[in-house]
Amino acid sequence: MAVTVDRWMLPGELARADEPGERSGAYRRTPRDWAVDVTMFAIAALVWVLEFEYYVLPDVFGQPVWARIADSAGGAAVCLAIWWRRRFPVTTGLLAGTAGALANTAASAMILLLFSLALHRGWKWAVPITSVAVLISVPYIYLNFPGADRQPLPWLISLLLGAALVVTAGLAVRARRQVLLALRLRADAERRGHTRELEESRRAERQRIAREMHDVLAHRISLLAVHAGALEYRTAQAEQGVAPEPSAAEVRDVVAVVRTNANQALEELREVLDLLRQQPDGEDGRESPQPTADRLPALVDEARLSGQQVRADFATGLGRLRPQIQRTIYRIVQEGLTNARKHAPGASVDVLVSDVVAGEVLVQVANAAPLGVTTSEIPGAGAGLIGLAERVALHGGELTREISEGEFRMRARIPCTS
């Protein structure tokens with residue numbers, strides 16, 4: 001159930017507002033509430049008994065019988081009102097400020113109810129009601145208390161100081177509880193924010209893992225698929241009698257390529273896992289090797305060995321770029337070759353990595369587009385290209401892909417400095 005916190009609500013009241021019966025009128029006291037209410041009622045009842053025994057019964061003030069009966073009844077009513085001071089603080093405060101001000105037996109209960117009024121409703125209610133109680137008490141004291149008519153000033157000062165003390169005490173407790181409530185709400189908000197940040201960081205970490213795994217494994221596994229598929233095709237042709245059986249040397253070469261790429265895939269996977277296991281501040285003292293621009297020729301050679309026709313043009317000054325930019329360039333070329341191998345087998349691939357011109361480097365991979373594919377249906381536009389776009393965006397660049405004149409072009413412009 002949603003709780004609406006108004007400016008009067010204190011910590012205990014906020015907790016009770018969650019209970020279904022609170023809004024419907026079924027008030028539920030906590031054990032602490034019971035202890036406080038019983039103690040306050042016991043004090044008020046004890047004072048009522050003492051006042052009744054020592055002042056009302058002996059008729060110390062010379063009052064008529066009806067006045068003494070009214071005093072006792074009013075004091076008892078104010079004492080009983082303590083049990084409803086939380087649910088109806090204004091009503092019980094008004095009762096204390098009127099009947100309590102005219103009943104000697106209600107002295108203690110009146111103080112407790114005015115304190116509770118200041119605690120639960122603040123100064124806007126406590127000050128006016130307490131002022132009414134003081135105004136009502138002045139003529140009563142002047143007429144009934146001995147010596148008040150001869151020296152009214154000390155009585156008045158004592159009455160005002162007592163009322164101010166009661167209200168101030170209630171407001172002080174209220175302010176403390178409001179501070180505690182604000183701190184608790186702030187702590188709850190910070191905890192929710194921390195939980196949300198933790199979930200976002202976990203999501204980002206999962207995306208990072210998926211991106212790294214895709215970049216590392218997709219290229220190698222596609223090479224395995226090409227060589228295994230070629231061997232399968234050659235064997236099937238031989239079984240049908242339309243091609244000679246592959247020689248042992250040919251089978252050995254294909255298996256060697258498969259084994260080499262499988263081992264390389266496992267090695268690169270280990271590097272990614274080592275990177276993900278590193279402490280945030282590099283506390284393990286190790287850095288996993290990451291691909292740089294000088295490995296681009298080897299990447300192209302691997303693609304050529306798998307049967308791809310690759311024309312590559314790499315600038316000579318790429319080694320001066322920051323390692324993060326070199327790694328991004330490597331991943332772009334790797335993803336372009338992988339997508340071409342998967343979606344346009346047999347098509348030639350043009351790879352261009354320019355030198356730094358006007359503060360940016362251009363990376364472009366182009367190959368013949370599959371027949372019938374439009375720009376909105378560019379193959380491979382999934383985790384790989386999304387991950388590349390994020391990498392390029394981190395450097396302030398832009399990654400675009402398009403089909404033009406029968407070619408699929410993936411182009412990235414990356415701002416950089418040598």
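Side-chain atoms are counted along with the backbone in the values below, which use heavy atoms only and exclude waters and symmetry mates.
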* Asked: Going through the distances and angles, do Arg311 and Val300 end up as a side chain to side chain contact (heavy atoms under 4.5 Å, CB included)?
  -> CA-CA 9 Å; Arg311 294 187 295 271; Val300 172; over 6 Å; no
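- Side-chain contact between Trp83 and Val38 is present, with at least one heavy-atom pair separated by less than 4.5 Å.
- Looking at heavy atoms from C-beta onward, Leu94 lies out of side-chain contact with Val132 at the 4.5 angstrom threshold.
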* Check the pair Val173, Phe115 against side chain to side chain contact (heavy atoms under 4.5 Å, CB included), reporting the backbone distance first and the verdict last. => CA-CA 10 Å; Val173 175; Phe115 170 86; 3.9 Å; yes
* Working for side chain to side chain contact (heavy atoms under 4.5 Å, CB included), residues Leu362 and Val353 -> CA-CA 6 Å; Leu362 171 65; Val353 181; over 6 Å; no
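- We find the OG1-CD distance between Thr400 and Gln364 to be 8.5 Å, quoted to the nearest 0.5 Å.
- At a threshold of 4.5 Å between non-hydrogen side-chain atoms, the residues Ile332 and Met410 count as touching.
- Remark: side-chain polar atoms of Gln326 are paired, donor with acceptor, to backbone N or O of Leu321 under 3.5 angstrom.
- Nearest heavy atoms, Val90 versus Leu117: CA-CD1, 3.9 Å.
- When side chains are defined from C-beta on, Leu296 counts as touching Ile329, because their heavy atoms get closer than 4.5 Å.
- Asp71 and Arg68 are not joined by a salt bridge, as no carboxylate oxygen comes within less than 4.0 angstrom of a charged side-chain nitrogen.
- For the pair Asp188 (side chain) and Leu185 (backbone), a donor-acceptor distance under 3.5 Å is absent.
- Across every non-hydrogen atom of Phe52 and Thr105, the tightest pair is N-CG2, 3.9 Å.
- Contact detail for Ala412 and Val392: the closest heavy-atom pair is CB-CG2, 4.2 Å.
- The line from CH2 of Trp125 to NE2 of His120 is 15.5 Å long, rounded to the nearest 0.5 Å.
- No side-chain heavy atom of Glu360 sits under 4.5 Å from any side-chain heavy atom of Cys416.
- For the pair Val134 and Leu160, the minimum side-chain heavy-atom distance is below 4.5 Å.
- Under a cut-off of 6.0 angstrom, the local environment of CZ in Arg176 is sparse, with at most 12 non-hydrogen atoms contributed by other residues, nucleotides or ligands.
- The two residues Ser354 and Ala315 make their nearest non-hydrogen contact at C-CB, 3.5 Å.
- Put simply, the side chain of Trp48 gets close to the backbone of Ser72: a donor and an acceptor are under 3.5 Å apart.
- Ion pairing of Glu398 with Arg411 is absent here, as no side-chain N (NZ or NE/NH1/NH2) approaches a carboxylate O to less than 4.0 Å.
- Between Arg409 and Asp350, no side-chain nitrogen of the basic residue sits less than 4.0 Å from a carboxylate oxygen of the acidic one, so the salt-bridge criterion is not met.
- Atom-to-atom distance recorded for Ser116:OG and Arg85:CZ is 4.0 Å, nearest 0.5 angstrom.
- For Thr92 (side chain) and Pro89 (main-chain N/O), a donor-acceptor pair under 3.5 Å exists by modelled atom type.
- Nearest approach of Ala344 to Ala368, heavy atoms of both residues: CB-O, 3.4 Å.
- Of all heavy-atom pairs spanning Leu80 and Phe41, the tightest one is CD2-CE1, 4.0 Å.
- Here the CG atom belonging to Leu119 is positioned 12.0 Å from the CG atom belonging to Leu113, to the nearest 0.5 angstrom.
- Between Thr292 and Tyr330, every side-chain heavy-atom pair lies at or beyond the 4.5 Å cut-off.
- Side-chain N/O atoms of Gln324 and Arg327 include no donor and acceptor closer than 3.5 Å.
- Leu114 CG to Thr130 OG1: the interatomic distance, rounded to the nearest 0.5 Å, is 4.5 Å.
- The CD1 atom of Ile43 sits 11.0 Å away from the SG atom of Cys79 when rounded to the nearest 0.5 Å.
- At a threshold of 4.5 Å between non-hydrogen side-chain atoms, the residues Asp37 and Arg29 count as touching.
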* Start with the C-alpha gap between Arg331 and Arg391, add the side-chain angles, then the distance that decides, and say whether side chain to side chain contact (heavy atoms under 4.5 Å, CB included) holds. => CA-CA 9 Å; Arg331 295 304 187 194; Arg391 289 178 183 272; 4.0 Å; yes
